Amino acid sequence: MTVRTRFAPSPTGFLHIGGLRTALFCWLYARRHSGVFVLRIEDTDLERSTPEAIQQILDGMEWAGLDFEEGPFFQTKRFDRYREVIEELLANGKAYRCYCTKEELEQMRAAQIARGEKPRYDGRWRERSDTPAGLPSVVRFKNPLTGEIAVDDVVHGRVVFQNSELDDLIIARSDGTPTYNFCVVVDDMDMQISHVIRGDDHLNNTPRQMNMLLALGQKPPVYAHLPMILGADGAKLSKRHGAVSVLEYRDQGFLPEALLNYLARLGWSHGDQEFFSIEEMIKLFDIADVNKSASAFDGGKLAWLNQQHMMRAPADRVVPVLRWHLDREGIAAANEAQLEQIVVAQRERAKTVLEMAANSAFFFRAPAAYDEKAVRKNITAEVPSLLAETARRLNQLADWAAPAIHALISDVAQEKSVPLGKLAQPIRLAVSGGTVSPPIDATLAILGKSETLSRLTRALTAWGA
RNA sequence: GCUCCCUUCGUCUAGAGGCCUAGGACACGGCCCUCUCAAGGCCGGUACAUGGGUUCGAAUCCCAUAGGGAGCGCCA
């Protein structure tokens with residue numbers, strides 16, 4: 001049997017971190033077993049579904065690299081099929097028409113709640129065969145009255161529900177459109193989904209879905225209900241608590257593989273290992289190793305992992321991302337080799353590529369001003385002559401590379417009997433405008449000879465040489 | 001209210017009866033390294049929700065309690 005998993009978001013909002021984690025686990029499981037990953041858009045809620053949300057989901061999946069073999073399928077395009085199955089159930093006596101009005105149902109619920117009971121449909125039309133003319137009706141599934149139904153969940157273990165707790169849910173509205181729980185059942189059946197991996201907020205829906213599947217003569221798939229992801233404060237993820245589009249993470253400078261690595265570790269682990277490449281995740285991931293309890297989102301750890309991925313990836317992996325972020329800041333960086341050098345020099349001093357771009361802007365733009373406080377502290381009376389001497393010698397340096405530059409600066413410092421920092425910091429200030437940059441030799445090597453000299457000259461003018 | 005689920009450091013987790021005076025990671029504090037900032041190295045503190053069992057022995061098994069979450073729609 002080939003493994004077939006599906007990710008089935010409803011396009012009523014953006015794809016957020018919780019959805020992406022679900023998609024990731026489905027994807028990993030399919031990849032691990034050389035199976036098929038299906039994308040299905042559950043857009044039966046015509047009121048709230050939007051084309052923008054669909055596009056967002058597609059873009060998010062693409063950015064994350066979660067590719068699918070089949071789909072995207074749209075439930076709104078399958079209404080004929082749903083109707084067909086509803087007719088079949090009706091014909092078999094496995095579903096029936098209910099002519100209750102919404103008001104009648106509301107009254108029923110209110111009375112049940114008042115009595116301390118669980119609100120549910122009482123089955124008053126279940127055995128009636130009369131068909132009141134001219135009245136609208138819904139179709140309800142005839143759920144078994146007795147016995148129990150057990151979900152053998154891969155992450156939660158065996159969860160048993162009494163059929164008496166379940167009521168006859170509506171599968172077709174009075175306007176004839178099918179409802180969510182029913183569409184899921186038909187889709188999972190038609191798409192031959194072998195493993196349903198989804199959030200554990202669906203665990204309570206599962207027995208109903210299984211009963212419908214059984215009524216249709218199907219063998220239920222394997223179920224795995226994933227624990228929820230909570231906001232950093234431990235509260236439910238909501239728009240107020242960090243539920244942002246996954247594309248927001250791209251914009252903030254996170255590498256998709258780092259986000260995926262972080263998400264995989266929320267609820268799943270492999271011993272003490274924290275860093276996983278995509279390939280390792282595919283090789284090691286198993287739903288059976290997933291935790292049962294919800295976890296809180298920790299942006300700090302995501303940032304750490306992101307840096308780890310930046311440091312371990314080949315520089316040319318980060319270059320296009322850096323270029324994209326520089327571009328957004330209005331810097332067109334064309335020199336591939338230079339960008340690679342920047343990545344290597346900056347990746348250990350930035351948590352995100354966005355931060356790396358910000359820290360590296362000075363390579364492309366001469367400082368408009370010098371940090372005043374730093375000037376007061378570092379540009380003492382003897383500094384201009386020191387800098388002038390350094391500039392003179394740099395001008396004569398033929399081999400413009402970090403080792404030679406380092407040797408030259410050390411020599412000057414030694415000859416003038418000043419500590420290296422006394423010289424390096426003013427140079428840093430002159431070329432970057434601030435006090436933070438990669439080691440001074442690497443900084444100048446990347447900047448290039450003519451740019452370095454011109455910035456030193458400008459600084460000397462500014463500092464009264 | 002009813003049904004179902006969950007509960008190890010602040011956070012993510014290891015742990016499947018003795019290897020646990022509970023391990024790792026992030027964060028935090030200290031030290032080292034050092035031209036800045038980092039990265040890196042070393043050190044440090046903090047956790048088995050509570051109460052009962054079972055057992056020679058329990059973080060691990062059982063039962064209660066407490067706390068948290070989900071579902072109970074002609075929403076998905």
Side-chain angles (χ1 to χ4, degrees), chain A residues 8-12 42-45 47-49 75 98 100-102 105-106 109 112-121 136-140 151 153 156 159-162 164-167 169-175 177 179-181 183-184 199-208 225 227-228 230 232 234-236 262 265-275 291-305 307 311 346-351 359 374 378 406 409-410 413 419-429 432 434-441 443:
Chain A
S10 66
T12 53
E42 309 213 318
D43 56 350
T44 54
D45 186 345
E47 303 274 294
R48 295 193 299 153
S49 298
Q75 290 186 323
C98 163
C100 291
T101 62
K102 289 186 186 179
L105 293 173
E106 254 166 59
R109 262 193 291 275
Q112 287 164 332
I113 290 171
R115 268 178 272 138
E117 291 168 15
K118 176 177 181 170
R120 72 239 249 232
Y121 178 66
S137 67
V138 298
V139 178
R140 289 185 182 270
V151 183
D153 192 274
H156 288 275
V159 183
V160 180
F161 295 84
Q162 296 304 316
S164 55
E165 288 294 334
L166 275 18
D167 64 0
L169 76 158
I170 293 173
I171 59 178
R173 303 180 181 97
S174 46
D175 66 359
T177 58
T179 58
Y180 167 79
N181 274 108
C183 295
V184 168
D200 65 12
D201 48 342
H202 287 286
L203 185 53
N204 285 296
N205 288 330
T206 307
R208 299 167 177 285
H225 288 93
M228 305 268 87
L230 276 17
K236 194 189 165 185
Y262 176 72
R265 284 285 292 99
L266 242 36
W268 174 78
S269 62
H270 184 258
D272 286 338
Q273 189 171 342
E274 297 287 351
F275 183 95
N291 279 163
K292 299 171 185 205
S293 50
S295 44
F297 186 85
D298 178 359
K301 187 151 186 182
L302 201 213
W304 173 78
L305 260 177
Q307 181 167 38
M311 291 195 294
Q346 295 284 45
R347 61 188 172 189
E348 64 196 35
R349 36 185 60 79
K351 298 284 191 196
N359 294 344
N378 295 291
H406 185 264
I409 294 174
S410 299
L420 189 54
K422 187 82 183 166
L423 183 53
Q425 208 53 351
I427 297 174
R428 179 168 282 117
L429 205 42
S432 77
T435 56
V436 175
S437 89
I440 201 64
D441 50 355
T443 299

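Please read all numbers here as calculations on a predicted model, not as lab measurements. Keep in mind that the numbers below use all heavy atoms, side chains included, and drop hydrogens, waters and symmetry copies.
- Note on A:Asp43: nothing from the nucleic acid sits closer than 4.0 angstrom, heavy atoms only.
- One interatomic measurement links the two molecules: CD of A:Gln273 to C1' of B:G24, which rounds to 12 Å at whole-angstrom precision.
- Using a 4.0 Å heavy-atom cutoff across all strands shown, A:Lys102 reaches at least one base atom of the nucleic acid.
- Contacts of A:Met228 with the nucleic acid, taken as non-hydrogen atoms under 4.0 Å apart, are absent.
- Distance, A:Tyr262 OH to B:C26 C1': 9 Å, rounded to whole Å.
- Proximity of A:Asn291 to the phosphate of B:A14: a side-chain N or O atom is located under 4.0 Å from OP1 or OP2.
- Regarding A:Asp441, its CG atom lies at a distance of 13 Å from the C1' atom of B:U34, rounded to whole Å.
- Whole-Å rounding puts the A:His202 NE2 to B:C72 C1' distance at 15 Å.
- Of the P atoms belonging to B:U36 and B:C31, the separation is 16 Å, rounded to the nearest Å.
- Taking 4.0 angstrom as the limit, A:Arg109 places a side-chain polar atom (N or O) nearer than this to OP1 or OP2 of B:G73.
- Here the closest non-hydrogen pair linking A:Pro227 and A:Lys292 is CB-O, 3.6 Å.
- Across all strands, A:Thr435 comes closer than 4.0 Å to base atoms (heavy-atom distances).
- For the pair A:Ser295 and B:C12, the criterion of a side-chain N or O lying under 4.0 Å from OP1 or OP2 is not met.
- A:Thr179 has no side-chain polar atom (N or O) that falls below the 4.0 Å cut-off from OP1 or OP2 of B:G73.
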Using the side chain to side chain donor-acceptor pair (under 3.5 Å) rule, take A:Arg109 and A:Gln112 through it: C-alpha gap first, then chi angles, then the decisive distance, then the call. CA-CA 5 Å; A:Arg109 262 193 291 275; A:Gln112 287 164 332; over 6 Å; no
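- Judged by distance alone with a 3.5 Å cut-off, a donor-acceptor contact links the side chain of A:Ser174 to the base of B:C74.
- Judged by atom type and distance alone, A:Arg428 reaches the base of B:C35 through a side-chain donor-acceptor pair under 3.5 Å.
- Contacts of A:Ser437 with the nucleic acid, taken as non-hydrogen atoms under 4.0 Å apart, include base atoms.
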Quick one, A:Thr177 with A:Asp175, criterion side chain to side chain donor-acceptor pair (under 3.5 Å). Give me CA distance, side-chain angles, the key distance, then yes/no. CA-CA 6 Å; A:Thr177 58; A:Asp175 66 359; 2.7 Å; yes
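- For B:C4, neither phosphate oxygen OP1 nor OP2 lies less than 4.0 angstrom from any side-chain nitrogen or oxygen of A:Lys118.
- Atom CG in A:Leu230 sits roughly 15 Å away from atom C1' in B:G10 (whole-Å rounding).
- Taking atom CG on A:Asp298 and atom P on B:U11, their separation rounds to 10 Å, with Å as the unit.
- In this structure, the side chains of A:Thr206 and A:His225 come closer than 4.5 Å at one or more pairs of heavy atoms.
- Taking atom CG of residue A:Leu266 and atom C1' of nucleotide B:U11, one finds them 10 Å apart after rounding to whole Å.
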Would you please test A:Ser437 and A:Ser432 for side chain to side chain donor-acceptor pair (under 3.5 Å) and show each step? CA-CA 7 Å; A:Ser437 89; A:Ser432 77; 5.5 Å; no
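- Within the nucleic acid shown, A:Glu274 comes within 4.0 Å of at least one base atom, counting heavy atoms only.
- A donor N or O paired with an acceptor N or O is not found under 3.5 Å between the base of B:G1 and the side-chain atoms of A:Gln112.
- Straight-line distance between the C1' atoms of B:U7 and B:A47: roughly 12 Å, to the nearest whole Å.
- For a distance-only test at 3.5 Å, the side chain of A:Asp272 fails to qualify as a donor-acceptor partner of the base of B:A25.
- Residue A:Tyr121 forms a side chain to side chain contact (heavy atoms under 4.5 Å, CB included) with just one option from A:Ile170, A:Asp167, A:Leu169, and that option is A:Asp167.
- Taking atom CZ on A:Arg120 and atom C1' on B:U3, their separation rounds to 9 Å, with Å as the unit.
- Using a 4.0 Å heavy-atom cutoff across all strands shown, A:Val159 reaches sugar-phosphate atoms only and no base atom.
- At a threshold of 4.0 angstrom between heavy atoms, the contacts of A:Gly199 with the nucleic acid are absent.
- Counting any heavy atom pair closer than 4.0 Å across all strands shown, A:Cys98 reaches no nucleic acid atom.
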